[in-house]
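Some notes on the structure that comes next.
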Amino acid sequence: WQVVPPVQQATEWRVANALDDAPVSPPWDIILCRNLAIYLEADAVSLLWQRLAAALRPGGVLVVGKAERPRAEGLVRTGPCVFERRE
């Protein structure tokens with residue numbers, strides 16, 4: 001799969017440290033975080049899901065790995081590996 005140039009130009013791609021104290025901003029439409037939580041300790045996993053959920057705009061989507069199950073206020077599973085932030 002390839003992203004066509006008009007979509008590439010309209011998309012802002014960023015890499016961030018989700019466990020850093022710096023805020024993850026602005027509110028995002030989609031966050032891809034696959035297979036990170038499986039390598040973290042429980043307290044770090046909880047922090048990760050909270051920070052990523054807070055970084056999504058309402059209606060935004062978090063995509064995770066198959067073994068991951070985000071638990072955070074407002075995240076609702078909408079498909080395999082896909083969670084939506086709802087108010």
Side-chain angles (χ1 to χ4, degrees):
W1 291 39
Q2 280 190 321
V3 178
V4 294
V7 173
Q8 284 178 343
Q9 293 166 359
T11 303
E12 181 178 343
W13 297 87
R14 288 206 186 164
V15 175
N17 180 344
L19 298 177
D20 191 352
D21 287 337
V24 182
S25 61
W28 297 101
D29 296 312
I30 186 170
I31 296 176
L32 309 174
C33 185
R34 294 185 45 105
N35 302 322
L36 171 62
I38 60 176
Y39 297 104
L40 301 175
E41 294 183 20
D43 57 337
V45 171
S46 179
L47 175 63
L48 173 69
W49 298 141
Q50 291 172 18
R51 289 183 51 82
L52 293 181
L56 286 169
R57 69 164 178 77
V61 174
L62 172 63
V63 180
V64 299
K66 288 191 328 186
E68 297 168 321
R69 299 291 178 262
R71 305 254 190 274
E73 183 75 29
L75 284 183
V76 177
R77 185 173 184 211
T78 58
C81 305
V82 179
F83 293 78
E84 181 181 339
R85 179 177 172 209
R86 299 203 178 138
E87 298 265 2

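Taking a 4.5 Å side-chain heavy-atom cut-off between Ile, Leu, Val, Met, Phe, Trp and Tyr, the cluster of Trp1 contains only that residue. Under a 4.5 Å side-chain heavy-atom criterion applied to ILVMFWY residues, the cluster that includes Val82 comprises Ile30, Leu32, Val61, Val63 as well.
Residues Leu52 and Pro70 are not in side-chain contact: their nearest non-hydrogen atoms beyond the backbone lie 4.5 Å or more apart. Counting heavy atoms from C-beta outward, Gln8 and Trp13 have side chains that stay 4.5 Å or more apart.
Remark: Leu19 engages Asn17, Leu40, Ala44, Leu47, Leu48 in a side chain to side chain contact (heavy atoms under 4.5 Å, CB included) (not counting sequence neighbours). With sequence neighbours excluded, the residues forming a side chain to side chain contact (heavy atoms under 4.5 Å, CB included) with Pro6 are Val4, listed by chain and number.
Here side-chain hydrogen bond (donor to acceptor under 3.5 Å, both in side chains) pairs that include residues 34-50, with residues two or more places apart or in two chains, are Ser46-Gln50. Screening residues 75-87 for salt bridge (Lys or Arg N to Asp or Glu O under 4.0 Å) gives Glu84-Arg86 as the qualifying pairs, with residues at least two apart or on separate chains. Sequence neighbours left out, the pairs with a member in residues 53-71 that pass side-chain hydrogen bond (donor to acceptor under 3.5 Å, both in side chains) are Asp29-Arg57.
Checked against Phe83 for a side chain to side chain contact (heavy atoms under 4.5 Å, CB included), the options Val64, Ile31, Leu56 give a single hit: Val64.
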